[in-house]
Colleague: 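So that we are looking at the same thing, I have put the structure below in structure tokens.
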Amino acid sequence: MRNWVGPNVCNYTYIFYALAPDNLKIHTIVRIDLHHSNIVKYLLEELGLLTDLALFHINTNYFCSTVPHKFDHLKLLFKLDLNNNIFPKKFLNVVLQLLQLKFLTLSGVLASHGVQ
């Protein structure tokens with residue numbers, strides 16, 4: 001992720017883009033694939049602004065926040081992979097509201113205070 005500098009996010013490693021489904025003149029982020037990146041962070045609410053995001057893979061890292069409430073804005077998100085991370089006990093609250101998901105992977109998810 002050393003190249004995550006500057007305004008052209010389409011050139012960032014692990015970020016994939018395509019033409020926007022509602023405007024074929026602009027590119028938009030459609031996939032984020034950060035699996036096995038050894039990231040120790042939390043998920044930002046601003047991820048919910050990526051409304052054309054279809055795939056979000058963050059498996060096998062150390063993410064330790066809840067899934068942002070703004071993920072309910074991601075109407076095109078159909079695959080969410082949260083495998084092997086550490087989340088607080090209420091992380092599922094938002095995930096269970098994402099009814100458009102076709103693929104949800106939670107195996108190996110550790111809840112820091114148990115899953116409710």
Side-chain angles (χ1 to χ4, degrees):
M1 290 180 274
R2 293 178 183 178
N3 71 338
W4 284 26
V5 178
N8 191 0
V9 296
C10 293
N11 289 332
Y12 291 10
T13 305
Y14 311 118
I15 304 295
F16 301 87
Y17 66 94
L19 293 174
D22 58 346
N23 185 343
L24 299 178
K25 294 181 181 180
I26 62 170
H27 286 94
T28 185
I29 296 173
V30 296
R31 177 179 171 189
I32 297 175
D33 198 341
L34 299 172
H35 69 283
H36 294 280
S37 296
N38 203 29
I39 299 170
V40 181
K41 292 285 182 190
Y42 57 92
L43 299 174
L44 299 172
E45 283 288 335
E46 288 80 5
L47 287 167
L49 300 174
L50 301 173
T51 55
D52 294 326
L53 190 64
L55 294 100
F56 189 63
H57 297 170
I58 59 167
N59 63 307
T60 315
N61 285 288
Y62 300 95
F63 285 101
C64 57
S65 63
T66 60
V67 175
H69 285 79
K70 290 188 179 178
F71 262 45
D72 64 359
H73 298 164
L74 304 179
K75 302 300 182 198
L76 300 179
L77 186 67
F78 74 90
K79 185 172 184 182
L80 179 61
D81 186 348
L82 303 176
N83 261 354
N84 300 314
N85 283 282
I86 303 168
F87 291 99
K89 62 183 176 179
K90 294 186 178 184
F91 85 97
L92 277 176
N93 292 352
V94 174
V95 172
L96 294 176
Q97 301 299 316
L98 302 173
L99 301 179
Q100 77 281 8
L101 288 177
K102 302 292 183 214
F103 303 97
L104 173 62
T105 309
L106 297 173
S107 63
V109 170
L110 301 174
S112 61
H113 296 94
V115 176
Q116 284 188 350

Colleague: Could you tell me which residues satisfy salt bridge (Lys or Arg N to Asp or Glu O under 4.0 Å) with D72, sequence neighbours excluded, listed by chain and number?
Modeller: none

Colleague: So, do D33 and L55 sit near enough that their side-chain heavy atoms are less than 4.5 Å apart?
Modeller: no

Colleague: Closest heavy-atom contact between L74 and Q100?
Modeller: O-NE2, 2.6 Å

Colleague: Other residues, nucleotides and ligands only: do more than 12 of their heavy atoms fall within 6.0 Å of OH on Y62?
Modeller: no

Colleague: So does H69 have more than 12 non-hydrogen atoms from other groups sitting under 6.0 Å from NE2?
Modeller: no

Colleague: Is there side-chain contact between L76 and T51, with at least one heavy-atom pair below 4.5 Å?
Modeller: no

Colleague: Counting only N and O atoms by type, is there a donor-acceptor contact under 3.5 Å from the side chain of N11 to the main-chain atoms of V9?
Modeller: no

Colleague: Just wondering, more than 12 heavy atoms not from Y42 lying within 6.0 Å of its OH?
Modeller: no

Colleague: Does some side-chain heavy atom of L80 sit less than 4.5 Å from a side-chain heavy atom of L98?
Modeller: yes

Colleague: Can you spot which of V94, V95, T66 makes a side chain to side chain contact (heavy atoms under 4.5 Å, CB included) with F71?
Modeller: V94

Colleague: Could you name each residue pair satisfying salt bridge (Lys or Arg N to Asp or Glu O under 4.0 Å) that touches residues 44-53, not counting sequence neighbours?
Modeller: none

Colleague: Please verify the inter-ring angle class for Y17 with H27; under 30° counts as parallel, over 60° as perpendicular, anything in between as tilted.
Modeller: perpendicular

Colleague: Kindly indicate whether the side chain of I58, heavy atoms from C-beta on, has any atom under 4.5 Å from the side chain of L82.
Modeller: yes

Colleague: For the side chain of N61 and the backbone of S37, is there at least one donor-acceptor N/O pair under 3.5 Å apart?
Modeller: yes

Colleague: Going by heavy atoms in the side chains, are L47 and I32 under 4.5 Å from each other?
Modeller: yes

Colleague: Quick check: do F56 and V67 have side-chain heavy atoms less than 4.5 Å from each other?
Modeller: no

Colleague: Counting C-beta onward and ignoring hydrogens, is there a side-chain heavy-atom pair between F63 and K41 closer than 4.5 Å?
Modeller: yes

Colleague: What's the verdict on side-chain contact (heavy atoms from CB on, under 4.5 Å) for L106 and F87, showing C-alpha distance, side-chain angles and the deciding distance?
Modeller: CA-CA 11 Å; L106 297 173; F87 291 99; over 6 Å; no

